[in-house]
Amino acid sequence: MSENAGGCGRCCCSFIFTLGLTSLFMWLSLRTSNPKCSIQEFYLPALDKSSNNRNNTTLQFQLKLENTNKDKGVYYDDVNVTVYDFPNRSHIIGTSVIGRFYQGHKKTAHKNGTAPTYQKVVSRAVFANGSAVFRVDLVTAVRFKIIAWKTKRHKIAVGADVEVNVNGTKVNKKNIKLSSSGSNNVSYYCCCVGILLYFFVLIFA
């Protein structure tokens with residue numbers, strides 16, 4: 001009788017372990033990662049001291065949007081870009097909207113945008129040496145395409161400070177990453193560890 005009970009217990013433990021691993025792998029395969037957003041180009045002709053066209057107050061920029069998911073496409077809603085005169089968002093300099101679009105898995109999109117700016121507000125943001133620092137915020141919502149169905153909308157709100165030189169271009173030659181205040185990676189790893197510990201307790205408790 002004890003042998004049958006022991007065999008039944010081992011079968012139950014094996015079943016729970018297999019079910020736990022299957023659930024974990026399914027969760028990992030269905031997990032999505034938000035697109036990576038960055039600023040590639042940023043140019044304000046009105047601040048370009050070497051230009052003869054300083055009356056042009058239109059901001060020109062280029063965004064880089066990366067879908068890092070291996071097997072999931074991304075449907076973007078309208079991408080709203082707002083530029084402020086200071087990092088503390090004192091005044092809005094200009095806004096721009098990039099229309100909705102679809103992005104395949106492991107694809108990168110480069111989106112150009114323009115924003116008419118308010119010259120008086122721009123002038124207040126300029127330092128004595130001719131440079132300036134602006135705040136750029138990006139807000140949108142995305143849905144992920146997993147095989148034949150779409151997920152619910154996930155809101156994305158990211159931003160970064162952009163320092164501009166006397167030529168009206170960003171000082172940082174590299175792409176400027178737009179990030180949120182929270183850290184998704186920490187919560188993700190904590191969740192993974194929690195799931196593993198949960199199944200460990202179920203098996204060996």
Side-chain angles (χ1 to χ4, degrees), residues 33-69 73-142 153-185:
S33 297
N34 284 339
K36 294 182 178 179
C37 310
S38 60
I39 300 173
Q40 281 194 303
E41 304 291 341
F42 190 96
Y43 178 54
L44 255 175
L47 299 185
D48 189 354
K49 291 186 176 181
S50 63
S51 173
N52 295 323
N53 190 25
R54 297 187 65 183
N55 291 327
N56 182 359
T57 60
T58 300
L59 167 66
Q60 304 165 23
F61 64 89
Q62 185 181 80
L63 299 177
K64 181 180 180 182
L65 306 170
E66 298 179 77
N67 177 13
T68 59
N69 294 284
V74 179
Y75 289 92
Y76 291 81
D77 284 356
D78 288 347
V79 178
N80 299 284
V81 178
T82 306
V83 182
Y84 301 87
D85 58 344
F86 289 107
N88 61 6
R89 303 179 178 87
S90 300
H91 305 91
I92 293 178
I93 284 182
T95 61
S96 180
V97 178
I98 297 172
R100 58 185 61 198
F101 65 97
Y102 173 76
Q103 184 179 44
H105 60 274
K106 300 295 289 184
K107 297 294 184 181
T108 299
H110 302 272
K111 296 293 183 179
N112 295 318
T114 58
T117 62
Y118 304 102
Q119 183 61 31
K120 290 183 179 180
V121 180
V122 172
S123 301
R124 286 199 295 264
V126 179
F127 301 126
N129 62 1
S131 65
V133 178
F134 301 101
R135 175 70 185 185
V136 179
D137 284 347
L138 180 153
V139 177
T140 187
V142 298
R153 282 180 167 82
H154 298 265
K155 183 178 179 180
I156 295 177
V158 293
D161 298 337
V162 180
E163 184 179 358
V164 175
N165 56 29
V166 295
N167 295 320
T169 60
K170 62 185 180 69
V171 173
N172 193 342
K173 300 299 181 183
K174 296 181 179 180
N175 294 343
I176 300 175
K177 181 181 178 182
L178 302 175
S179 58
S180 60
S181 57
S183 176
N184 295 327
N185 290 332

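- Partners of Glu66 under the side chain to side chain donor-acceptor pair (under 3.5 Å) rule, at least two apart in sequence or in another chain, do not exist in this structure.
- Between Thr82 and Ile92, some side-chain heavy-atom pair lies under the 4.5 Å cut-off.
- Side-chain contact between Leu138 and Val79: present, with at least one pair of heavy atoms (C-beta onward) separated by less than 4.5 Å.
- Within the 4.5 Å cutoff, the side chain of Ser131 has no heavy atoms near those of the Val171 side chain.
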message: Let's go through Lys155 and Val139 carefully: what are the C-alpha distance in whole Å and the side-chain angles of both, what is the deciding distance for side-chain contact (heavy atoms from CB on, under 4.5 Å) to 0.1 Å, and is it a yes or a no?
response: CA-CA 8 Å; Lys155 183 178 179 180; Val139 177; 4.0 Å; yes

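- Contact detail for Ala132 and Val126: the closest heavy-atom pair is CB-CA, 4.1 Å.
- A heavy-atom distance below 4.5 Å is found between the side chains of Asp77 and Arg153.
- Applying the side chain to side chain contact (heavy atoms under 4.5 Å, CB included) rule to Gln119 yields the partners Ala46, Thr57, Ser123; only residues at least two apart in sequence or on another chain are considered.
- Closest approach of Gly94 to Ala115, counting heavy atoms only: C-CB, 4.3 Å.
- Pro35 and Val74 make their closest contact through CG-CG1, 4.2 Å (heavy atoms, listed as atom of the first residue, atom of the second, distance).
- The backbone N or O of Arg100 lies less than 3.5 Å from a partner atom in the side chain of Asp78, making a donor-acceptor pair.
- The ring-ring contact (aromatic ring centres under 6.0 Å, His included) search around Tyr43 returns none, not counting sequence neighbours.
- One finds the CG atom of Leu44 at 5.0 Å from the CZ atom of Phe134 (value rounded to the nearest 0.5 Å).
- Rounded to the nearest 0.5 angstrom, Leu65 CG and His110 NE2 are separated by 9.0 Å.
- Put simply, CZ on Phe42 and CD on Gln62 are 13.5 Å apart, with the number rounded to the nearest 0.5 Å.
- A donor-acceptor pair under 3.5 Å is absent between the side-chain atoms of Ser38 and the main chain of Ile176, judged by distance alone.
- What you find for Ser180 and Ala157 is that their closest heavy atoms are CB-O, 3.6 Å.
- Checked against side chain to side chain donor-acceptor pair (under 3.5 Å), Thr95 has no partners two or more places apart in sequence or in another chain.
- Between Lys106 and Asn69 there is no side-chain heavy-atom pair separated by less than 4.5 Å.
- Annotation: ring-ring contact (aromatic ring centres under 6.0 Å, His included) contacts involving residues 76-97, sequence neighbours excluded, comprise Tyr76-Phe101.
- Pairs of residues two or more places apart, or lying in two chains, that qualify as ring-ring contact (aromatic ring centres under 6.0 Å, His included) and include a residue from residues 154-173 are Phe144-His154.
- Asn165 contributes atom CG, which lies 8.5 Å from atom CG of Asp48 (distance to the nearest 0.5 angstrom).
- Listed by chain and residue number, Gln103 satisfy the side chain to side chain contact (heavy atoms under 4.5 Å, CB included) test with Lys107 (two or more places apart in sequence, or in another chain).
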Pair Val97-Val81, side-chain contact (heavy atoms from CB on, under 4.5 Å): steps then yes or no: CA-CA 6 Å; Val97 178; Val81 178; over 6 Å; no

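- Take Tyr118 and apply the ring-ring contact (aromatic ring centres under 6.0 Å, His included) test, not counting sequence neighbours, and it matches no residue.
- Atom NZ of Lys170 sits about 8.0 Å away from atom CD of Gln40, to the nearest 0.5 Å.
- Ile39 has its side chain within reach of Val136: a pair of non-hydrogen atoms, C-beta onward, lies under 4.5 Å apart.
- We find the NZ-CG distance between Lys36 and Asn175 to be 12.0 Å, quoted to the nearest 0.5 Å.
- Here the side chains of Thr58 and Thr117 are not in contact, with every heavy-atom distance at 4.5 Å or above.
- By the side chain to side chain contact (heavy atoms under 4.5 Å, CB included) test, His105 pairs with Asn67, sequence neighbours left out.
- Annotation for Asn129: atom CG counts as buried by contact number, over 12 foreign heavy atoms lying within 6.0 Å.
- Between the side chains of Asn167 and Thr169, no donor N or O sits under 3.5 Å from an acceptor N or O.
- No side-chain heavy atom of Asn112 sits under 4.5 Å from any side-chain heavy atom of Phe61.
- With sequence neighbours left out, Val133 forms a side chain to side chain contact (heavy atoms under 4.5 Å, CB included) with Pro87, Phe127, Asp161, Glu163.
- In this view, Arg124 satisfies the salt bridge (Lys or Arg N to Asp or Glu O under 4.0 Å) rule with no residue, not counting sequence neighbours.
- Sorted by first then second residue, the salt bridge (Lys or Arg N to Asp or Glu O under 4.0 Å) pairs that include residues 84-98, not counting sequence neighbours, are Arg89-Asp137.
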